[in-house]
Amino acid sequence: MAKKKNDDLDPETLALIQWCTEVEPFLVAGGATLAQAQEHIEEEIEWFTDQFYDGLTPEEAARAALA
């Protein structure tokens with residue numbers, strides 16, 4: 001299956017992806033490596049999606065994930 005190009009994604013999905021990339025540095029600041037942060041987001045994408053739609057900032061979501 002071919003990956004979708006960003007042009008094929010709706011604005012809401014693009015916003016979620018951008019938000020997740022903004023979470024990464026906060027996870028890294030909390031002690032994770034970048035690879036660990038990315039893997040954690042991928043594994044817990046449903047949880048992070050909920051945080052996104054609940055209006056948490058990337059920093060708030062990272063703090064909650066690290067708690």
Side-chain angles (χ1 to χ4, degrees):
M1 176 185 266
K3 283 190 168 186
K4 284 188 164 194
K5 294 180 182 175
N6 283 349
D7 295 344
D8 297 338
L9 299 175
D10 63 89
E12 201 166 311
T13 301
L14 289 172
L16 173 60
I17 292 168
Q18 177 60 41
W19 183 86
C20 286
T21 64
E22 293 172 14
V23 171
E24 290 172 1
F26 293 109
L27 293 174
V28 170
T33 66
L34 181 57
Q36 289 170 329
Q38 291 170 342
E39 182 178 338
H40 182 66
I41 291 170
E42 288 173 15
E43 289 176 353
E44 300 294 333
I45 192 61
E46 289 181 18
W47 184 86
F48 280 101
T49 300
D50 289 344
Q51 306 318 299
F52 172 77
Y53 285 112
D54 286 347
L56 270 67
T57 67
E59 183 176 11
E60 291 168 333
R63 250 188 280 129
L66 293 168

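In this structure, CD on Glu60 lies 10.0 Å from CZ on Phe26, to the nearest 0.5 angstrom. With rounding to the nearest 0.5 angstrom, the CD atom of Gln36 is 8.0 Å from the CD atom of Glu39. Between the CD atom of Glu12 and the CG atom of Leu16 there is a distance of 8.5 Å, given to the nearest 0.5 Å. Rounding to the nearest 0.5 angstrom, the gap separating the OG1 atom in Thr57 from the CD atom in Gln51 is 10.5 Å. Atom CD1 of residue Ile45 and atom NE2 of residue His40 lie 10.0 Å apart, to the nearest 0.5 angstrom. Separation of atoms OG1 (Thr21) and CD (Gln38) is listed at 9.5 Å; rounding is to 0.5 Å.
Residues Gly30 and Leu66 come closest through the heavy atom pair CA-CD1, 3.7 Å. In terms of heavy atoms, Ala64 sits closest to Trp47 at CB-CH2, 3.7 Å. In plain terms, the two heavy atoms of Ala32 and Ala37 that are nearest each other are CB-N, 4.2 Å.
Both Val23 and Tyr53 are members of a single hydrophobic cluster when ILVMFWY side chains are connected at heavy-atom separations under 4.5 Å.
Side chain of Trp19 to backbone of Phe48: no donor-acceptor contact under 3.5 angstrom is found. Looking at Glu44, its side chain never comes within 3.5 Å of a backbone N or O of Ile41 through a donor-acceptor pair.
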